[in-house]
J.: 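Before we start, here is the structure in question, set down as structure tokens.
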Amino acid sequence: MRLKRSIMCGALRASHTGQEVTVCGWVQTIREIGGLVFIDLRDREGTVQLVFDKEVIPKLHEQAKRLAREWVIGARGKVSKRSERQVNKNLPTGEVEVIVSDLEIHNSAETPPIEVRDDVEANSDIRLTYRYVDLRRPKMQHIFQVRHKLAKAARDYFDAQGFLEIETPLLTKPTPEGARDFLVPSRHYPGSFYALPQSPQIFKQILMMSGFDKYFQIARNFRDEDKRADRQPEHTQIDVELSFVEPADVQKVIEGLIAHVMKAVMGVEVKLPLPHMSYAEATASYGIDRPDLRFGMQLVDLSEIVKDCGFGVFADTVKSGKAVKALLLPGGHEKISKGQFKNLEADAKGRGAKGLAFIRYTADGVDSPIAKFIGEAHMAKIKEKTGANAGDMLIFVADHARLASQILGAYRNQFGAEFGLIQKEGFRYLWVDDFPQFAYDEEKNEIVPEHHPFVMPKNEDAFMAFAEEFKRNDRKANPRIVDLALAVTATQYDIIVNGIELGSGSQRIVKPSVQNAMFDCLGMTREQANAKFGFLLEALKYGAPPMAGIGMGVDRWMMALFGIDNIQEVVVFPKHANARGMMDGSPSPAEEAQLKELGIALREEK
RNA sequence: GGGGGCGUAGCUCAAUUGGUUAGAGUGCCGGCCUGUCACGCCGGAGGUUGCGGGUUCAAGUCCCGUCGCCCUCGCCA
């Protein structure tokens, strides 16, 4: 390399005027005007205009004419202040230009399949295949610069708080998160497999038992589950664990982290402490355990009002212990056409509801097929309770409270996005806590876990009572047992921002007796538990401190910071919907010799 | 595995609801231009309409199959 870079293209300002500089980068555009050639040269900090004048150095001008987009060059020259008329106000470097006196061409480039411009959005398949071109776009460069800042800010913060960054293994035993594992075959032990960690959960707990006291790690987690807009088979977590603490202590640390990161990365002040909401309130009022607080439209429970109204469907639903819930969409009468409502209803049925009911509030009254059954007195109460006005639309689901809330919660989010009801500016962080420890699966008639098996119940006594009863009844669910199980609250807490679940943590079980009781409740025999987590149970015997922690999803945090709804935008080399790496073509078949070494024979596809 | 959307020039999209030779913008190639900066002007090349089959006098358009990408349910922090 003949020309050594002295400054970044995007860094040049009027203050550099007169200096001799060397810049390197990719050719963004070429503009040839008679005997002048202008080239915008781009690096990660921005672009600057290079000038080649035929009358000054004819040979250079000739060379410059032959350049093309995305060629990689170095250029040496004098920084010249542009005249008043020539300033480009759209560019940070627009007050100056480099009058080139020497040029080095590092590489030519074929015309790229996509243009390197922020205002050209190509399809995701081509963007992922030619990711290195896509990533040159200023928008993408910015995202990953911010991602770096986020990680740096987090490290600075934890360091200042006395945390140690400690790496845990990637080749491990399966972890208890419940998702499908990625397996890595062992050469030394044919037939045995490592699992890539779904999280460093067990290892960080053992680090606490090892006396490290405050741990964090920016860790990659792997889950072999189908992709979604906010999921990748591998994602990054800021993983945290502390000894001798309770949930409130962890939350305080994380609130400090959020405030620090938001300030350092976004220049945003976050007011502390963050608000809390119970799981029960979140699901009842927002129909989801990660409420987006950037807009209102809470769900309303009308069960009390309609339980004795004349509309049989509503009244009977309430009498059978279920609920009638409603969502008020302001201006919904105009916004939701008859056809759209039919689609909604079909969707609701797909989610398990019997149907949807509605009341449209018009200028002269109501438009609703159920109004005549409900009766005027009850209609008035509904209007009062929901605060409906002319032009609004009320949508009802009558079903299990949970299902009704779920469906209306989904519509709340859908309407919020579709009708621009969401306040785009700002970040609404909150904690959701008091999650149930268990759920009841009606179909299987089973008590099922809501979390991984190391989450400490909030009310240990209630848990142990349930565990005893459960064991005595030979681990069969019956109404009494179900009630006992559902009464157990977990120490689980989630941190939410703008409807995105950023992180999740809990107090950990550290008493062997409680841990064993938990395995019992999850239908895991002592042998099974030992086979899977024996090393953790063994470690618990030798002195485990009280501990709690959390894992914060870096990718999702990035999505929230940018208001991006696709995780692929914030991951440099993401996998596509069926987990293929489109650029490298992974996964790919293994060599026969490799398989043989691993003791693996492939089964014929049927 | 189920459901939905999309697939037309390198890229982003049109194409009268089945009707002439599939268009536009941008990019690309060539030419002109000494203050452009999304430069401008002139000219040009570029198409197996994802692929395969079918219906029809006629298919980008309708039908069947298949492949690919995105979303979603199941699954999963």
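Residue numbers start from 1 in every chain, and the chains themselves are labelled A, B, ... in the order their sequence lines are given, proteins ahead of strands.
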J.: Tell me: NE2 of A/H61 to C1' of B/U36, nearest whole Å?
T.: 12 Å
J.: At under 4.0 Å, does any side-chain N or O of A/K227 touch on OP1 or OP2 of B/C75?
T.: no
J.: Can you tell me if A/N88 touches the phosphate of B/G35, counting only side-chain N or O atoms and a distance under 4.0 Å to OP1 or OP2?
T.: no
J.: Hey, which of these two, A/G503 or A/P112, hits RNA chain B nearer its 5' end, going by closest nucleotide?
T.: A/P112
J.: If you check the A/P113 side chain, which of B/C71, B/G27, B/G10 turns out closest?
T.: B/G10
J.: Scan every strand shown for a Watson-Crick or G-U wobble partner of B/C28, both distances under 3.5 Å, and answer none if you come up empty.
T.: B/G44
J.: Would one find a side-chain N or O of A/R31 under 4.0 angstrom from OP1 or OP2 of B/C39?
T.: yes
J.: If only side-chain N and O atoms of A/N123 are considered, is one of them under 4.0 Å from the OP1 or OP2 phosphate oxygen of B/G7?
T.: no
J.: Distance alone, cut at 3.5 Å: any donor-acceptor contact between the side chains of A/D289 and A/T283?
T.: no
J.: Below 30° counts as parallel, above 60° as perpendicular, anything between as tilted: where do the rings of A/H451 and A/F435 land?
T.: perpendicular
J.: With rounding to whole Å, what would you report as the distance between B/G65 and B/G27 at their C1' atoms?
T.: 36 Å
J.: With a 3.5 Å cut-off and no angle check, do the side chains of A/D239 and A/Y215 form a donor-acceptor pair?
T.: yes
J.: Rounded to the nearest angstrom, tell me the gap between atom CG in A/L344 and atom P in B/G4.
T.: 17 Å
J.: Would you classify A/S124 as touching base, sugar-phosphate or nothing, given that sugar-phosphate means primed atoms plus P, OP1 and OP2, and contacts are heavy atoms under 4.0 Å?
T.: sugar-phosphate
J.: Can you tell me the Watson-Crick or wobble partner of B/C39, both distances under 3.5 angstrom?
T.: none
J.: Between B/A77, B/C37, B/G35, spot the one nearest the side chain of A/L36, thanks.
T.: B/G35
J.: Only pairs with both distances under 3.5 Å count, Watson-Crick or wobble alike; so what is the partner of B/G18 in this structure?
T.: none
J.: At under 4.0 Å, does any side-chain N or O of A/R117 touch on OP1 or OP2 of B/A38?
T.: no
J.: Could you work out the separation of B/G2 and B/A59 based on their P atoms and round it to a whole Å?
T.: 32 Å
J.: Can you tell which of B/U36, B/C70, B/C33 lies closest to the side chain of A/F38?
T.: B/U36
J.: Using the P atom on both, measure B/G74 against B/G19 and round to a whole Å.
T.: 42 Å
J.: Looking only at side-chain N and O atoms, does A/S80 offer a donor or acceptor that is under 3.5 Å from a partner on A/R82?
T.: no
J.: Could you work out which one of B/A77, B/C37, B/G10 sits closest to the side chain of A/E115?
T.: B/G10
J.: Would you mind telling me which of B/A38, B/G74, B/G35 lies closest to the side-chain atoms of A/D226?
T.: B/G74
J.: Is the shortest side-chain N to carboxylate O distance from A/R31 to A/D40 below 4.0 Å?
T.: yes
J.: Could you state the CD1-C1' distance from A/I30 to B/C37, rounded to the nearest angstrom?
T.: 13 Å
J.: Under 4.0 Å, heavy atoms only, any strand: does A/D494 hit a base, just the sugar-phosphate, or nothing?
T.: base
J.: Are OP1 or OP2 of B/A77 and a side-chain N or O of A/Q492 less than 4.0 angstrom apart?
T.: no
J.: For A/E32, report the nucleic acid contact type (base, sugar-phosphate, nothing); a contact means any heavy atom under 4.0 Å.
T.: base
J.: Consider the side chain of A/D119, meaning its heavy atoms from C-beta on, and name the nucleotide among B/A77, B/U36, B/A38 that approaches it most closely.
T.: B/A38
J.: Nearest of B/G35, B/G74, B/U34 to any side-chain atom of A/R231?
T.: B/G74
J.: Of the nucleotides B/C11, B/C37, B/C75, which has the atom closest to the A/A122 side chain?
T.: B/C11
J.: B/C70 P sits how many Å from A/I567 CD1, rounded?
T.: 13 Å
J.: Where the side chain of A/R82 is defined as all heavy atoms beyond and including C-beta, which of B/U36, B/C11, B/C71 is the nearest nucleotide?
T.: B/U36
J.: For B/A58, give its Watson-Crick or G-U wobble partner with both distances under 3.5 Å, or none.
T.: none
J.: Using atom P in both nucleotides, what's the gap between B/C6 and B/U12 to the nearest angstrom?
T.: 16 Å
J.: Which of the following nucleotides, B/C70, B/A38, B/G10, is nearest to the side chain of A/A577?
T.: B/C70
J.: When the nearest nucleotide of RNA chain B is assigned to A/K54 and to A/N221 on a heavy-atom basis, which residue is associated with the more 5' position?
T.: A/K54
J.: Give one of base, sugar-phosphate or nothing for A/R228, where a contact means two heavy atoms less than 4.0 Å apart.
T.: base
J.: Name all residues meeting the side-chain hydrogen bond (donor to acceptor under 3.5 Å, both in side chains) criterion together with A/S586; count only those two or more places apart in sequence or in a different chain, and write none if there are none.
T.: A/D584
J.: Do the side chains of A/Q492 and A/P436 get nearer than 4.5 Å, heavy atoms only?
T.: no
J.: Are a donor atom and an acceptor atom from the side chains of A/H576 and A/D125 found within less than 3.5 Å of each other?
T.: no
J.: So A/D289, base contact, sugar-phosphate only, or nothing? Heavy-atom distance under 4.0 Å.
T.: base
J.: Using the C1' atom on both, measure B/C28 against B/U56 and round to a whole Å.
T.: 39 Å
J.: Can you tell me the Watson-Crick or wobble partner of B/G7, both distances under 3.5 angstrom?
T.: B/C67
